[in-house]
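Notes follow once the structure below has been shown.
First listed ligand is number 1; within each ligand, the first listed atom is number 1. Numbers for residues simply follow the sequence, beginning at 1. Every value quoted in this text rests on a predicted model; they were computed, and no experiment measured them.
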Amino acid sequence: MWFCPPEMPGVVEGSSVPVADSFFRHRVFFWRPVGVWRYSVRCTKPDCPAKEDEKAFLYRCGYSSTVRPICDINGWYFMLTEVLACDACRKAAKVSQGHSISRYLSWEANILHQLAPGHRAVFPAVLTPRRGVDKAIIRLMRDRTEGNTMAKVWRQVQESHCEEYLQRKDLYTTLLIQYNQPGKVTRMFSGQFQKPPKMRKLPQPRLLRKAYLISEAENIEDYRTQIMSVFGKVLKYDSTRKVNILTVLTKCVITTIVLLLLIIIIITATHTQCRKAFI
Ligand SMILES: [Zn+2]
């Protein structure tokens, strides 16, 4: 589902003028879980007439004209997707004014959540209302060690973007100089060269933070399972189904008191041994 542009030219071919566009192309990611993997996805509208019908699935209804720019670690790529529609909702909308035709873009959260975790992981970005952030940047933000702030991650990404852009611009300029060298036949044909495009502005740190929070919100269920797997034994001492908070708190308090007593005993013993040693 990735479409990569041809590599940047490294030499001047014949008398053809180097074109700036061939140095500043971006990748395109086309997300089509139904079209490519033949997924059966259901309509999520609460008043869908086919809500109870287990065999009613969304059908493909063309491609969306929306192009979503995604901020990657060293540049941008663009995302496209397919449009899905519900047949039952479409028929209901024809009959009554209360219903509307349900159309979904395949990158919407309610469609993504219907996919298997393995297929969902193939989706490379976290989308915000207008743009998106690649998961590679989100991973950088997960490291919450001291000094790893949102501003620091943003600076790192900006540096990588600038470096990549300048490298492309430098290669383009080098080829133009080769083309326009004194004494070369191609110099006679040289006219106005295409200007390199401006560097695409990096999103503000708050957009990265927003994407990070969206990503973490999706992981809440995993975190809950992890906590339950660690404390599960403690929580299930008294009841296997109902969590008795008071019992848990009492156990925590007793454990803390026992630990404190142990620490006091150890300190006292050490102190006594030291005194004996000095005497
Ligand atoms: Zn429907």
Legend entry - Protein N/O/S atoms closer than 2.8 Å to the Zn ion (ligand 1): Cys43 SG, Cys48 SG, Cys86 SG, Cys89 SG
Inset, instruction - Give me the other members of the hydrophobic cluster that Val34 sits in, counting Ile, Leu, Val, Met, Phe, Trp and Tyr linked by side-chain heavy atoms under 4.5 Å, directly or via other members. - result: Met1, Trp2, Phe29, Trp31, Val36, Trp37, Tyr39, Val41, Leu58, Ile70, Tyr77, Met79, Val83, Leu84, Tyr104, Leu105, Trp107, Ile111, Leu112, Leu115, Val122, Phe123, Leu127
Inset, instruction - List for me each residue that meets salt bridge (charged side-chain N to carboxylate O under 4.0 Å, His left out) alongside Arg90, sequence neighbours excluded, and say none if there are none. - result: Asp87
Legend entry - Within 45° cone of Tyr212 ring axis and under 6.0 Å: Arg209 NZ or CZ: no
Inset, instruction - For the pair Lys169 (side chain) and Pro196 (backbone), establish whether a donor and an acceptor sit closer than 3.5 Å, ignoring hydrogens and angles. - result: no
Inset, instruction - Could you tell me whether a side-chain N or O of Gln114 sits under 3.5 Å from a main-chain N or O of Asn110, the two making a donor and an acceptor? - result: yes
Inset, instruction - Check side chain to side chain contact (heavy atoms under 4.5 Å, CB included) between Leu171 and all other residues, then give those that pass, not counting sequence neighbours. - result: Met8, Phe23, Leu175
